[in-house]
Visitor: 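Attaching a single structure in structure tokens format; questions to follow.
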Amino acid sequence: MRFTETFVPTLREAPQDAELISHKLMLRAGLMRKMASGIYSFLPLGLRSLEKVKKIIREEMDKAGGLELLFPTILPKEIWVETGRWDIYGNEMFKLKDRKGREFCLGPTHEEAVVDLARGELRSYKELPKTFYQIQTKYRDEIRPRFGLMRAREFLMKDAYSFDADEEGLEKTYNKIFNAYKRIFKRCGLTTIPIEADSGAIGGKVSHEFVVISEKAGESDFVYCPKCGYAANIEAAKSADAEEENGEMQPVEKVSTPNAKTIEEVSNFLNIPKKKLVKSLLYKIDGEFVLALVRGDDELNEVKLKNLFGGKFISPASEEEVKNLTGAQVGSIGPVGVNVKIAADKRVSKMKNFVTGANEDGYHLINVNIGRDFTPQVVVDIRNVKAGDLCPKCGTPLELHKGIEVGQTFKLGTVYSKKMNAKFLDKDGKEKYFIMGCYGIGVGRTLAAVIEEHNDKYGIKWPVSVAPYEVEIIPLNMSDEDISGTAEFLYKDFEKEGMEVLMDDRNDVGAGVKFNDADLLGIPLQVIIGRTFKKDRKIEVKDRESGEKTLVKLNEVKEFVKKKITEKYNALNE
RNA sequence: CGGGAUGUGGCUCAGCUUGGUAGAGCGCUUGGUUCGGGACUAAGAGGUCGUGGGUUCAAAUCCCACCAUCCCGACCA
């Protein structure tokens, strides 16, 4: 492709509303433009890269036994009502009505759609397993779109859904897709870590997220064990248990703690370390109240708490509700003598003689003990793991990182097939629910993550597999016929060879602009025709990734470039 | 939705405190000179100052409302 014939509106400065490096570079390199908040247009170069990611995904999904199909974007309300997600997704969905008033939504995901298809078409175990996938535009009216393609409201997603006859089948399918995911991201040049995850709103049991470590652009907090490799999303992360405290139980005492409400204040006022206090938090889960207890120096993880009760909605109780239920204000509430369900963190259960609110404004209780003074209904892990906590598998201190979630896999089991009554006839002649899995990859986000991982202060450094072009020819002076003629020759020769080549044939810009644009665009190899060529017929080939420059004779350029490209592909495939 | 900020040619921004003419750099158009790291030169084009209302002889500037965008939090590929 000739530069003058395509459309690459590069920007010298990044538009102000871009924050992330990848977002800035995508705008500056002319890959995309914003249409509205969280809604983007792809321009020719951006589209080429996007298509390459899609192609890699297709190849690996097909290899893993996936069957591509395409569901509609517009989905009828009815199937969502069946699973209850019309309300659960709620405001996240873009909803619309047709002229007759029938309600629809723009699909935020397609579990309902596939199950609806499967229950009508798959009837026998003989037709299983089946894995369907599509690459399609999804719509989620995000509370807060941000970071360009990282969190968009309209985005491309590859979503796959598997149907198996039994758990062993699902296990096999899950592993196949899991491995396909590893290869997909590897081929895109991404360094991903599969982490154990919570299954969230989608439902199900086992789930993994594929994350790219990025402290800046990452939105997913996860723990990582540098020794054994244990990795888990903060919502699913475990840590080794705390040690049982010993000592005799002391008699409970009510002490006055005027104006001391936060853990910090109470700890200072009583001169007792935070880890000897217990934080009491009143929550409302699907309309029911739960008092959650965590150690004073810990933080509650709402998702863990919610999952514990199989809840759908969770929110802290209002000040008024707190007052009504405990008789005290937030800051003075505690587990002793209240008539609510109590969920204590495992660490709290190891504590002796601790401090809690007294359910009376301005007072706390000291020397409180579980079993004697109150009994929690459940004792479970509901705290956030912190950096330095010990790995649950090998005892090494854990690291805390942020990552970009580029993909997620779930073992759904029968959550959806039951709700939508999707059954098949098994070997034994009995009707059974499909055992399902679902698997997503954010295509645009993957592209953004690639740029996030491969850039320098000059611009993008595309891995060859997803670069818009493999090589860029840069004739520095188009009015010099020796140079432009040579460029033209190489351009045609490269194309004939099947290489994807871009030639910066602009006549009206100086060498500086061409160099800067080339570095910004990040095509892996630059073939520079200018001074060195005029002097001794040598062409300079620059590797954008390493910055390495090699002078090559004209008649050897093609082979040299070809070899470099092959090497680059091989490095991503190994 | 809570907190913070911004809105002025295509892009980055100044002007607003103290009301009176809309500005700069980059980009764009035309001609000429240049041609290895965002060149030089001459002449040009281009703006409802986010929208609506108010105050005033007069509003980009002061007041009110709304909208949009971005950042921090709750949600998620």
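Convention: sequence-line order gives letters A, B, ...; per-chain numbering from 1.
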Visitor: What is the distance, rounded to the nearest whole Å, between atom CD1 of A/Ile474 and atom P of B/C35?
Guide: 19 Å

Visitor: Counting only side-chain heavy atoms from C-beta out, which of B/G36, B/C71, B/G38 sits nearest to A/Glu19?
Guide: B/C71

Visitor: Determine the contact category for A/Phe147: base if any of its heavy atoms lies under 4.0 Å from a base atom, sugar-phosphate if only primed atoms, P, OP1 or OP2 are that close, otherwise nothing.
Guide: sugar-phosphate

Visitor: Can you list every pair that meets salt bridge (charged side-chain N to carboxylate O under 4.0 Å, His left out) and has a residue in residues 13-22 of chain A, with sequence neighbours left out?
Guide: A/Asp17-A/Lys34

Visitor: Have a look at A/Glu540 and say if it touches a base, only the backbone sugar-phosphate, or nothing, with a 4.0 Å heavy-atom cut-off.
Guide: base

Visitor: Give a yes/no answer on whether the side chain of A/Ser315 brings an N or O atom under 4.0 Å of OP1 or OP2 in B/A74.
Guide: no

Visitor: Kindly point out which of B/C76, B/C75, B/G38 is positioned nearest to the side chain of A/Arg28?
Guide: B/G38

Visitor: Measure from the side-chain N and O atoms of A/Tyr40 to the backbone N and O of A/Glu154, and report whether any donor-acceptor pair falls under 3.5 Å.
Guide: no

Visitor: Have a look at A/Phe3 and tell me which of A/Ile473, A/Ile474, A/Val8 forms a side chain to side chain contact (heavy atoms under 4.5 Å, CB included) with it.
Guide: A/Val8

Visitor: Kindly confirm or rule out a cation-pi arrangement of A/Arg48 over A/Tyr469, judged by NZ or CZ under 6.0 Å from the six-membered ring centre and within 45° of its axis?
Guide: yes

Visitor: Report the nucleotide, chosen from B/C71, B/C11, B/A77, that has the shortest atom-to-atom distance to any side-chain atom of A/Pro15.
Guide: B/C11

Visitor: Distance between the C1' atoms of B/C57 and B/C11, in whole angstroms?
Guide: 38 Å

Visitor: In dot-bracket form, how is RNA chain B paired, counting a Watson-Crick or G-U wobble pair only if both its distances are under 3.5 Å and using | for bases paired to another strand?
Guide: (((((((..((((......[..)))).((((((.....)))))).....(((((..]....))))))))))))....

Visitor: Measure from the side-chain heavy atoms of A/Arg140 and tell me the nearest of B/G37, B/A77, B/G73.
Guide: B/A77

Visitor: Counting neighbours of CD on A/Glu196 that are heavy atoms of other residues, nucleotides or ligands and sit closer than 6.0 Å, is the number greater than 12?
Guide: yes

Visitor: Applying the ring pair (Phe, Tyr, Trp, His ring centres under 6.0 Å) test to A/Phe178, which of A/Phe210, A/Phe410, A/Tyr439 qualifies?
Guide: A/Phe210

Visitor: Check every strand shown and say whether A/Asn516 touches a base, only sugar-phosphate, or nothing at a heavy-atom separation below 4.0 Å.
Guide: base

Visitor: The side chain of A/Ile528 is closest to which nucleotide in this list: B/C75, B/G36, B/A74?
Guide: B/G36

Visitor: Between the base of B/G37 and the side chain of A/Asp519, is there a donor-acceptor distance below 3.5 Å?
Guide: yes

Visitor: If I take atom CD in residue A/Glu92 and atom P in nucleotide B/C75, what distance separates them, rounded to the nearest angstrom?
Guide: 10 Å

Visitor: Looking across every strand, which nucleic acid part, if any, lies under 4.0 Å from A/Lys34 by heavy atom: base, sugar-phosphate, or nothing?
Guide: sugar-phosphate

Visitor: Could you state the atom-to-atom distance from NZ of A/Lys514 to P of B/C35 in whole Å?
Guide: 14 Å

Visitor: Tell me whether the side-chain N or O atoms of A/Arg151 pair up with the base of B/C76 as donor and acceptor below 3.5 Å, since no angle test is needed here.
Guide: yes

Visitor: So among A/Ile404, A/Asn233, A/Val212, which one has a side chain to side chain contact (heavy atoms under 4.5 Å, CB included) with A/Ser220?
Guide: A/Asn233

Visitor: Taking only the side-chain heavy atoms of A/Asn477 (C-beta and beyond), determine which of B/C71, B/A77, B/C35 contains the nearest atom.
Guide: B/C35

Visitor: To the side chain of A/Arg146, which of B/A77, B/G36, B/G73 is closest?
Guide: B/G73

Visitor: Nearest of B/G37, B/C70, B/C11 to any side-chain atom of A/Glu13?
Guide: B/C11

Visitor: Hey, does A/Val406 reach any base, or is it just sugar-phosphate, or nothing, if we go heavy atoms under 4.0 Å?
Guide: sugar-phosphate

Visitor: Within 45° of the six-membered ring axis of A/Phe155 and under 6.0 Å from that ring's centre, is NZ or CZ of A/Arg153 located there?
Guide: no

Visitor: Measuring from the side chain of A/Arg12 (C-beta onward, heavy atoms only), which nucleotide among B/G27, B/A74, B/U6 has the closest atom?
Guide: B/G27

